[in-house]
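Counting starts at 1 for both ligands and their atoms, following the listed order. Start at 1 with the first residue, then count along the sequence.
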Amino acid sequence: MNKKNKKSFLGGTPRTFLVGLLVLIGSLFALHMLTDRSRNIKTLTYSAFLTQVEQDQVKRVHVVGQEVYGFLKDGTRFETTIANKGKDWEILRAHNVEFSVDSPNQQFNFWYLLPLLSFLITGWAIWYFIRQSRGSGGGGGNSIFTMGKSKAKLFMPSTIKETFDSVAGAAEAKEDLQEIIDFLKHPEKYSRLGAKIPRGVLLTGAPGNGKTLLARATAGEANCPFFSISGSDFIEVFVGVGAARVRDLFEQARKHAPCIIFIDEIDAVGRHRGSGLGGGHDEREQTLNQMLAEMDGFQTNNSSVIVIAATNRSDVLDHALLRPGRFDRRILVPYPDLKSREKILEVHAKAVKMDPAVDLHKIARGTPGFSGAELANLINEAAILASKTDQQSVTINDFEEARDKILLGKEIKSLSLTDEDRKVTSYHESGHALVRLMMPEDSDPLHKVTIIPRGKALGVTHAMPEREKYTRTRDEILADVMSGLGGRASEELIFKKATTGAYSDFKAATAIVRDMVCNYGMAEELGQVVYAQSQGEYMYSQKTAERIDEQVQKIMDDCYTKTMKLLTDNRDKLEQLATTLLEKETLYADEIYELLGIEPRTQHRFS
Ligand code: ADP
Ligand code: ZN
């Protein structure tokens with residue numbers, strides 16, 4: 001989420017701008033001196049001027065306000081400031097001096113500035129051109145022209161507000177980074193005994209889970225400068241630019257040591273070499289080689305610069321990057337678990353005015369699979385919804401709506417469905433819901449069911465895991481498959497026909513069953529074997545493939561038959577649920593329990 005403001009601001013531009021400004025002021029000053037000299041104007045005191053007039057030395061004057069410009073008879077130009085015009089004019093006339101008068105506000109003539117401006121612009125253009133060509137030529141050196149070339153943003157410690165307190169959860173990552181912080185705080189402690197010093201840390205994990213946040217917080221904890229750049233910033237069309245930027249970045253970093261260089265999306269440069277199609281990858285390879293060289297250089301010059309890189313594609317990284325002395329510390333930044341989700345919500349809830357009835361624990365329970373960024377967004381969306389309706393605080397309903405919005409895209413109220421469509425949808429969703437309700441005690445309970453269309457889905461049935469589950473039993477998985485098939489089964493039972501609405505249900509159910517067969521060893525006939533997948537490819541013989549397909553088919557058929565039987569036996573409940581849903585559009589689990597007279601298992605709403 002962080003990354004979006006990539007254009008360099010702090011590292012490059014202001015410095016460049018400053019240098020530009022200096023050049024400008026310098027040339028202005030020079031120009032002023034130059035023109036004044038060439039004009040060779042003599043400044044006379046008032047009394048000297050009067051003396052010259054009285055001695056008939058003055059030929060002609062031009063008066064603008066209090067200022068007088070004129071020529072002496074010997075051709076000398078002069079200027080002076082006068083005090084009392086009326087009297088002076090009489091003296092001038094008495095001595096036959098030609099004179100003309102302008103009102104002071106006409107004195108400033110913009111067009112006088114034109115030559116000056118064009119001079120400055122030309123100067124600026126030449127300077128800019130030199131700077132550019134030096135930059136892309138890749139020549140190093142300490143000249144002012146190469147400053148800020150790296151595009152990295154530099155944050156000084158005073159501007160870094162994040163500490164480990166800003167990062168909720170992520171206990172293991174924090175623990176691992178503690179060593180880095182200690183090293184940055186006391187580099188001498190490590191170098192004294194010749195300890196092997198950490199060089200690079202690779203943070204891996206899906207976007208939005210706080211990699212950037214952790215890196216910044218590490219700098220915040222260590223109270224050291226923080227250089228931030230994205231891998232893609234190194235890559236330019238011109239070969240050599242990326243390498244030059246890397247060189248420049250590390251050079252600047254060494255000047256600020258101890259400090260942290262953060263490279264987001266390192267995979268943009270760090271993809272393993274020679275993986276591209278054909279040529280055209282010289283630039284990236286040169287950049288990568290330069291980065292490796294710089295990191296190896298740490299060993300010899302013993303600088304306390306730590307490189308933290310982030311990626312969600314560690315699988316594509318060049319192995320050279322992962323060798324000792326380079327990114328040899330690897331830290332996984334995972335999706336937050338239940339507890340972490342609650343803590344992340346707490347961190348971000350501080351910023352908004354919350355209805356006291358809102359229970360963040362329950363919201364955390366209802367948001368499995370949300371990233372840290374999505375949780376932050378959830379709070380923000382809820383706050384926006386509450387603001388729109390001028391509420392005093394953010395309520396649980398706002399969270400419900402915000403969650404659905406994030407999950408499934410914006411509500412499309414305008415989507416016009418026929419009554420028949422709505423009826424079919426209502427039975428479809430009721431089928432999911434009812435099967436879900438009737439599943440064994442420890443499978444995921446029903447949360448709510450709705451036929452308000454959102455995104456592409458005409459309706460949604462939510463189940464809510466009661467706890468974070470790391471292992472699931474065969475029955476729990478089958479319960480998911482059966483409630484997934486409940487939609488289609490219900491349609492078939494009531495309307496005796498199939499619709500396309502069940503496509504994604506079938507897709508999801510099939511994927512679960514395939515996992516059961518291939519990865520969990522849950523198929524009776526294939527036994528406890530993992531038929532591993534490597535990058536989307538199943539690694540087994542054609543014969544095994546056929547047996548797997550057979551097993552998947554068998555489990556699916558079996559589930560469908562059971563689901564159909566369940567719904568047929570409870571047809572009255574299905575009808576009752578579908579009719580009510582059609583009317584109310586959304587039903588929560590407790591409302592359904594009441595409606596159908598079923599004993600509720602757990603609380604299923606946030607509130
Ligand atoms: P990544 O770099 O992994 O893509 P970011 O660090 O940019 O993720 O996270 C984006 C935003 O999500 C953060 O600015 C923060 O608001 C929120 N966030 C993510 N993880 C956490 C966390 N553990 N604690 C608090 N906020 C988090
Ligand atoms: Zn469905």
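- In terms of modelled atom types and a separation under 3.5 Å, the side chain of R422 and the main chain of L582 share a donor-acceptor contact.
- Note on ligand 1: G208 sits in its first shell, one or more heavy atoms being nearer than 4.0 Å.
- Atom CD1 of I308 is separated from atom CD1 of I306 by 7.5 Å, given to the nearest 0.5 angstrom.
- No other N/O/S atom of D505 lies as close to the Zn ion (ligand 2) as OD2 does.
- Both the backbone and the side chain of T212 come within contact range of ligand 1, each with a heavy atom under 4.0 Å.
- Between Y427 and L577, every side-chain heavy-atom pair lies at or beyond the 4.5 Å cut-off.
- Under the 4.0 angstrom criterion for non-hydrogen atoms, H348 is in contact with ligand 1.
- Cation-pi check for R199 over F327 is not met; the charged atom does not lie both under 6.0 angstrom from the ring centroid and within 45 degrees of its normal.
- For K423, the NZ atom sits in a loose shell: 12 or fewer heavy atoms of surrounding residues, nucleotides or ligands are nearer than 6.0 Å.
- Contacts with ligand 1 closer than 4.0 Å are made by heavy atoms of both the backbone and the side chain of A168.
- Residue-to-ligand polar distances keep D264 apart from ligand 1: every N/O pair is separated by 3.5 Å or more.
- N312 and E265 share no donor-acceptor pair across their side chains, judged by distance under 3.5 Å alone.
- Ligand 1 is never approached by G169 to a heavy-atom distance shorter than 4.0 Å.
- Within the listing of ligand 1, atoms 4 (O) sit less than 4.0 angstrom from a heavy atom of P207.
- Judged by distance alone, the side chains of D505 and H428 do bring a donor and an acceptor atom under 3.5 Å apart.
- Taking the six-membered ring wherever Trp is involved, the centroid distance between the rings of F227 and F262 does not fall below 6.0 Å.
- Atoms of ligand 1 lying under 4.0 Å from at least one heavy atom of N209, given by number and element, are 3 (O), 8 (O), 19 (C), 20 (N).
- Neither the backbone nor the side chain of S371 comes within contact range of ligand 1; no heavy atom lies under 4.0 Å.
- Listed by atom number, the atoms of ligand 1 under 4.0 Å from V167 heavy atoms are 23 (N), 24 (N).
- Which of L213, N312, N377 comes nearest to atom 21 (C) of ligand 1 through a heavy atom is settled by distance: it is L213.
- Interface atoms of ligand 1 facing S166, defined by a heavy-atom separation under 4.0 Å, are 24 (N), 25 (C).
- D398 is listed as a side-chain neighbour of Q391, based on a closest heavy-atom distance under 4.5 Å.
- Of the polar atoms of G210, at least one N or O is found under 3.5 Å from an N or O of ligand 1, judged by distance alone.
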